[in-house]
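Convention: sequence-line order gives letters A, B, ...; per-chain numbering from 1. Just so it is clear, the values below take in all heavy atoms, side chains as well, and ignore hydrogens, waters and symmetry mates.
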There are 2 protein chains.
Amino acid sequence: MEYSVHVRMNERLFLRDPEGSELGRRIVRQGILLFDEIGFEDATFRKLADRMGTKEASIYRYFENKHRLLVYLVAWYWQWLDFQLVFRTNNLADPHEKLERLLHLLLLTDLENPLTDDIDLRALHNIVICEASKAYLTRHVTEDNRQQLFKPYKDLVGRIAGIILELRPGYPYARSRASSLIETIHHQAFFMENLPSLTDFGQPKDQSKLLAFVRHLLFSSLAMPILD
Amino acid sequence: MEYSVHVRMNERLFLRDPEGSELGRRIVRQGILLFDEIGFEDATFRKLADRMGTKEASIYRYFENKHRLLVYLVAWYWQWLDFQLVFRTNNLADPHEKLERLLHLLLLTDLENPLTDDIDLRALHNIVICEASKAYLTRHVTEDNRQQLFKPYKDLVGRIAGIILELRPGYPYARSRASSLIETIHHQAFFMENLPSLTDFGQPKDQSKLLAFVRHLLFSSLAMPILD
DNA sequence: GCAAGGTAGATAGTAATACTATCAAAATAG
DNA sequence: CTATTTTGATAGTATTACTATCTACCTTGC
């Protein structure tokens, strides 16, 4: 039995819903591959159109600009991750175990089907690591935020914060702990790959050592009492 | 008595040493103000030239491009911070106290002279928070890294890792702990300002609560034993 | 089978960006 | 005071990031 979990996206993320047409779906899927291959900065709608055998103008009918496409992809990823988290921690009682599952999800270690809905999750994960912060590190964060473009990220952070509070009721930094956990994992993964001397996970790149680091970091902060 | 601590920069960061001429110094100082005011993306060498009353071509004689200027500014900041760290922890014996000083430095809380060498440190600190990651989140990280452009950052991380190991000999993640500390502080500072629901430091923006969070995060991870 | 409405393809064009080149004027160094 | 370097001024190119328009096509509704 196959489940098709359709992720309904915020309408302000696009001009025309890309999941509503074949061309739109190809823009999203090929966009992921292009961003992954040549990076966000070097990507242009012209290059994407060429690779797809369509025209620049057609892509502009779906997305206002390249930045909005990035925000869309990243938002999709956070919604996917949030769903995965709910699904995989569904009938677990122990919040410790839930957070353990979360760590594996964030590192994308045990991924059964690398293609979901024809979306290349490894490529998308890479984009999130390398480019996601460019989605909010702009002058128009405030306006984008007002349009709810970052809601999926906030929802995920909220859900993680909830689990943190299950494990440690009264912990006063649940949201900050959640957002910093996500960002730290991605940063360290990027550094491990590109600037390994900023980490302790030198060659050979040791995903499991990175996991051990963030696990220790997370659980030690949740175990230690707060003294003021 | 005045000290002029001249920071000698890696020669690959520029085409002509900006500290070697009046025009060069103005490019750096006005560049900081421009990046701070309108952001890295919207800044151009033309706008910088206009604001300085000089010409685009003159700036290109100092810096290959806008990205290199950013890398220069960020590298300058890390060298400044590294010096400050050495200076302010000079005759301290207690590594705990050293790390405490570091936290204050990273947050730029107690800054006696906001202008060092005519460089606006508050503006530069802001740039580091909002734009520094764009210095390495590019396709040419590896090449830039080979040219030692990130050495100041690595040196700082190495020094912090050293203090961490004083406090906690044998801690296996000293470098990752150092780099994640820096990144976490900057991320949380950015979120507090722009996406406060990702933090627990809502309005009114509470710098001291952020400090309390990272302090707890840092020292709990260094206090907790590692179980494998 | 056909009209109406919408989607995509194709071409063109504009303003801004990210540079490069050149030459003369001005500053400075020996 | 001359030689060299630095800056100013102007110009030009390729690319980017769009916007506009028109035609072909493809539904679907009747």
Side-chain angles (χ1 to χ4, degrees), chain A residues 11-31 34-35 37-73 131 134-135 137-140 143-144 149, chain B residues 11-31 34-35 37-73 131 134-135 137-140 143-144 149:
Chain A
E11 303 217 337
R12 293 184 214 247
L13 284 163
F14 47 76
L15 296 172
R16 196 198 301 283
D17 183 3
E19 290 303 316
S21 78
E22 188 50 35
L23 182 65
R25 277 186 294 274
R26 292 209 302 134
I27 291 170
V28 170
R29 280 133 189 91
Q30 293 289 314
L34 183 68
F35 283 0
E37 281 170 29
I38 68 174
F40 176 70
E41 319 291 340
D42 289 348
T44 68
F45 276 0
R46 180 174 301 273
K47 287 177 190 170
L48 179 53
D50 286 352
R51 141 197 287 257
M52 292 172 57
T54 183
K55 294 287 161 181
E56 216 181 347
S58 303
I59 302 178
Y60 276 107
R61 289 184 186 115
Y62 285 85
F63 291 100
E64 231 173 296
N65 53 50
K66 188 173 65 149
H67 184 260
R68 282 294 169 112
L69 175 54
L70 176 67
V71 174
Y72 179 92
L73 296 179
E131 324 282 7
K134 294 170 191 168
L137 290 178
T138 72
R139 283 284 122 170
H140 46 274
E143 180 50 28
D144 288 357
L149 305 193
Chain B
E11 303 217 335
R12 292 184 216 244
L13 284 164
F14 46 76
L15 296 172
R16 196 198 301 283
D17 183 3
E19 291 303 316
S21 78
E22 188 50 34
L23 184 65
R25 276 187 295 275
R26 291 209 302 133
I27 291 170
V28 170
R29 280 134 190 89
Q30 292 289 313
L34 183 68
F35 283 0
E37 281 170 29
I38 69 174
F40 176 70
E41 319 291 341
D42 289 348
T44 68
F45 276 0
R46 180 174 299 276
K47 288 177 189 170
L48 179 54
D50 286 351
R51 142 195 288 257
M52 292 172 56
T54 183
K55 294 287 163 182
E56 215 181 347
S58 302
I59 302 178
Y60 275 106
R61 289 184 185 111
Y62 286 85
F63 293 100
E64 229 172 301
N65 53 51
K66 188 172 67 149
H67 184 260
R68 281 295 168 113
L69 174 55
L70 176 66
V71 175
Y72 179 92
L73 296 180
E131 323 282 7
K134 294 170 190 167
L137 290 178
T138 72
R139 283 284 123 172
H140 46 274
E143 179 51 29
D144 288 356
L149 304 193

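- A cation-pi arrangement is not found for B:Lys66 relative to B:Phe45, the charged atom failing to lie both closer than 6.0 Å to the ring centre and inside a 45° cone about the ring normal.
- Rounded to an integer number of Å, the gap from CG of B:Leu48 to C1' of C:dA18 is 14 Å.
- Taking the side-chain contact (heavy atoms from CB on, under 4.5 Å) definition, one finds that A:Ile38 meets it with A:Leu34, A:Asp42, A:Ala43, A:Lys47, sequence neighbours left out.
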Protein-proximity profile, nucleotides 5-14 of chain C, B/S/- by nucleotide at the 4.0 Å heavy-atom cutoff, equals --SBBBB---
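- In this structure, OH of B:Tyr60 is placed 18 Å from P of C:dT22, rounded to the nearest angstrom.
- Residue A:Asp42 contributes atom CG, which lies 13 Å from atom P of C:dA18 at whole-angstrom precision.
- Evaluation of the side-chain contact (heavy atoms from CB on, under 4.5 Å) rule for B:Glu11 yields B:Phe14 as partners, not counting sequence neighbours.
- Scored by the ring-ring contact (aromatic ring centres under 6.0 Å, His included) test, B:Tyr62 finds no partners at all (sequence neighbours excluded).
- Under the side chain to side chain donor-acceptor pair (under 3.5 Å) criterion, B:Glu56 pairs with B:Arg46, sequence neighbours left out.
- Atom CZ in A:Phe63 sits about 14 Å away from atom P in D:dC18, given to the nearest Å.
- When the P atom of D:dA9 is taken as reference, atom CG of B:Asp50 falls 12 Å away, rounded to whole Å.
- Rounded to a whole Å, the NZ atom of A:Lys47 is 13 Å from the C1' atom of D:dA14.
- In this structure A:Glu41 satisfies the side chain to side chain donor-acceptor pair (under 3.5 Å) test together with A:Lys134, sequence neighbours excluded.
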